Structure formats: C-alpha cells, structure tokens
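Whatever order the structure lists them in is the order used to number ligands and atoms, beginning at 1. If you're wondering where the values come from, they're calculated on a predicted model, not measured in any experiment.
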Amino acid sequence: MKRVGVIGGGQLAWMMADAAQRLGIELVVQTPSEHDPAVSIAKETVFAPVDDATATEILAQKCDVITFENEFVNLDALSVLAHQGICFRPRLEALAPLLDKYHQRCYLRDLGLPVPQFLALDEVENLKSKIEYLGFPVVLKSRRHGYDGQGTFIIQDFATLEQKLSDETTTSLNQSLFLLEEFIPFERELAIIAARSVEGEIVTYPVVETQQEQQVCRRVIAPAEITPNQVAEIQAIAHTLLNSLEVVGIFGIELFLGTNGKILVNEIAPRTHNSGHFSIDACETSQFEQHLRAVCGLPLGNPALQCASAVMVNLLGYENSHSDYQSQRQQIAEIPQAHVHWYGKTESRPGRKLGHVTVLLDNQNREQAIAIAHNIESIWYPR
Ligand code: ADP
C-alpha cells in the first residue's frame with residue numbers, strides 16, 4: 001500500500017506526515033478548507049466536507065486504502081462504496097456502533113465492559129423518576145457530533161435539565177438526540193491508545209492520565225500512576241473492544257478511575273487521539289506511524305516509552321486572532337527536553353487546539369510533571 005486516503009484534514013492528519021514520509025507512503029486528504037493543517041503535507045487534496053461521500057469516491061480513485069482522522073462521516077453513503085470494493089480501514093462496521101454515543105454505550109455494555117449508567121431521552125416516559133435513579137448531578141450529552149466537550153453538559157438539578165432541554169430542542173429538533181448518564185465523581189481520567197493489525201495483532205501504549213478543564217483536554221501524563229492490576233484491566237478492555245470490532249488501526253479509549261478504584265469506559269475514539277500525542281516524541285513508534293502501519297498491512301511497531309515519563313500540554317486558543325504566537329512558542333521550546341508541535345492554523349479561537357508540547361522526563365514523578373505543565377501554561381496563557 002503506497003497511497004493512503006485520509007478523511008479529515010485537521011492536526012491528526014497533519015501529524016501523520018512525518019511517519020508517512022519515513023514509511024514511503026503518500027497521503028491524500030479529504031477536507032473542506034484550504035487552510036486545514038493537513039493540506040500543506042498532502043500529496044493531493046479533495047476539497048469537501050468529511051461527510052461528502054461523493055468526494056470520498058473521488059478520494060478512493062487516488063489511493064489504495066481509506067482511513068479516518070474524523071469519524072463524523074455518512075456511514076450509509078460510504079457503505080455503498082465499500083460494497084463496490086473500496087477498502088476502508090478501520091472497516092465501516094467497526095465505526096457503526098460508535099458514532100452515536102448512546103449506541104456506543106449500549107455496545108460497550110453488551111460486550112460486558114464497565115460503563116456509567118445511562119439512558120436515551122427517547123426511552124424516557126417518566127423523566128423525573130428515571131433521573132432519580134441516575135441522581136444529580138447528571139450528564140446530558142448530544143448523541144452525535146460531540147467533541148472537546150461540545151454537547152456535554154453537567155446538570156445540577158431538574159429545573160436546569162428541563163430548561164436545557166427546552167433550549168436545546170428548540171434549536172435542534174427533538175430530545176431523542178440526547179443521552180443522559182450518571183455523573184462519575186472520578187478520582188482521575190485515564191486513556192489508552194491501542195492498535196490492531198490486519199493479522200489481528202494488538203499493541204497498547206502506556207495508560208496515561210488525562211486532565212480536562214471545561215471538558216477539554218489540557219494535559220496528559222504518561223504513564224499514569226495507577227496499579228499494575230488497573231493497567232492490566234485497561235489493557236484487557238482495549239483487547240476486548242478491538243477484537244470484537246475487528247479494528248484495523250488505532251483507537252483511543254477514554255476512561256474514568258472512580259474514587260472507589262473502579263474503572264469505567266467513558267468514550268471510544270475510532271482514530272488517533274489527543275491522549276496519544278506524547279507518543280510522537282516519547283515512544284519508539286508514534287500513534288501516527290502505528291496507525292499507518294496498521295492500515296497499510298505492515299507489522300506493528302514498538303509502542304513502549306523511550307524515556308521514564310512524559311507530559312503533554314495542549315496549546316489552546318484563548319482569543320480570536322491571526323497571531324502565530326512566535327515568542328510564546330520560542331519560550332516554551334527553551335524548556336529542557338521540550339518538543340513543540342504547532343499545527344499551522346491561520347486562525348485562533350478560544351478553545352481551539354493550535355498546537356501541543358511534550359516534555360520528556362528522566363523520572364516518574366506526577367507532581368513534577370504537573371508543575372512543568374503549569375509552567376508551560378503560565379508562558380502560554382496571558383495572565
Ligand atoms: P467529548 O466527546 O466532547 O470529548 P466526553 O464524553 O469525552 O465528550 O466528555 C468530555 C469530558 O466531560 C470528560 O473528559 C469528563 O471530564 C467530563 N465528563 C463526561 N462524561 C462524564 C460523566 N459521566 N461523569 C463525569 N464527568 C464526565
């Protein structure tokens with residue numbers, strides 16, 4: 001396989017470029033805007049939204065296999081292409097149960113994996129009594145197209161829930177677009193990146209701790225400070241899921257570690273994931289190289305850390321601007337063992353992921369990793 005089509009041209013596609021070059025692979029990208037990060041590294045671009053299957057048919061003519069950096073695709077329309085023999089990796093059947101958060105929860109539960117208690121709003125006859133079973137606070141989520149906390153609302157009481165539902169439903173058709181779930185008072189949030197090859201071999205990256213603020217990932221510490229049993233449990237979850245879906249490629253799995261030590265699956269990303277960016281600088285094989293290896297039918301690489309630990313910090317937009325933030329980036333790059341990745345976006349907006357930095361460490365010390373992250377944030381964000 002020499003030419004890989006990528007649906008989506010954001011930073012996740014952009015970060016495949018180095019690995020593609022090393023592996024002698026050309027990337028062809030489907031993305032709507034000429035300003036999207038991956039346009040600059042693509043051999044060719046089909047300019048179209050990711051859910052435009054007619055554009056994907058054109059993409060398919062230019063490459064040997066198609067993969068995803070964005071899963072908000074039109075699966076029904078793509079299945080027609082799959083039936084014509086176009087090769088998608090992961091296969092469309094592996095994405096199908098995941099694109100709707102309610103279906104995803106059902107799929108995980110039916111596999112016997114631990115998930116928070118949940119219900120779809122269309123099942124609700126007596127909302128008030130069902131909510132009592134979940135208890136407040138409760139988490140209201142858009143079933144589709146949520147990312148970076150868009151469409152996730154933590155709700156404290158029934159009046160606010162009713163209010164929110166009437167706000168949201170006037171703009172977005174009806175309540176069946178929502179999922180309700182119990183609020184997990186987690187001790188930590190964790191994630192694992194796992195890859196599965198065409199032959200069914202699975203490798204997993206170290207379990208990491210992720211730290212979110214306002215539902216958006218701010219920092220990742222690799223490896224997470226958890227017990228070997230917890231690591232084994234999370235690896236087993238990854239194996240069960242990837243084998244069950246017969247995944248080819250990388251999946252990101254987000255988890256909660258409860259205050260009671262119990263692990264629950266929060267969310268599955270059927271692609272490379274923000275919680276795996278540390279692997280570019282910290283691991284022998286990055287998640288991006290691993291993904292390309294898997295979808296091209298190559299043997300998987302070594303996912304192990306090449307340093308004692310690492311901390312990754314997202315550089316999020318905090319204003320509307322066209323600045324390239326040269327001086328802040330320069331200052332961050334001067335931190336020992338820091339690797340700055342700048343996605344080349346031409347426009348900054350609050351919360352937008354503009355880049356990230358990974359710092360490699362020669363020991364495992366959570367407090368020190370957090371202190372380094374805070375130092376980076378104090379350089380990046382204005383006081
Ligand atoms: P998205 O798809 O937008 O990333 P997630 O479902 O991953 O949405 O939620 C984003 C963040 O919101 C999580 O990382 C977590 O911090 C918080 N969150 C989501 N669901 C719950 C829950 N059931 N209990 C507690 N916090 C939650």
| message | Test side-chain contact (heavy atoms from CB on, under 4.5 Å) on Q290 and L300; report intermediate values, then the result. | response | CA-CA 6 Å; Q290 201 73 278; L300 299 181; 3.5 Å; yes
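- Annotation: side-chain hydrogen bond (donor to acceptor under 3.5 Å, both in side chains) contacts involving residues 225-237, sequence neighbours excluded, comprise T227-Q230.
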| task | Tell me, with the steps shown, if R271 and N70 meet side-chain contact (heavy atoms from CB on, under 4.5 Å). | result | CA-CA 7 Å; R271 50 168 166 77; N70 182 318; 5.9 Å; no
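- Within a 6.0 Å radius of CD in E34, no more than 12 heavy atoms belonging to other residues, nucleotides or ligands are found.
- Near ligand 1, residues K101, V139, K141, G146, Y147, D148, G149, Q150, T152, E181, E182, F183, I184, F186, E189, Q212, Q215, E254, F256, N266, E267 each place a heavy atom inside the 4.0 Å sphere around the ligand atoms.
- Heavy-atom contacts from other residues, nucleotides or ligands closer than 6.0 Å to CD of Q368 number more than 12.
- Checked against a 6.0 Å centroid threshold, the rings of Y325 and Y318 count as neighbours.
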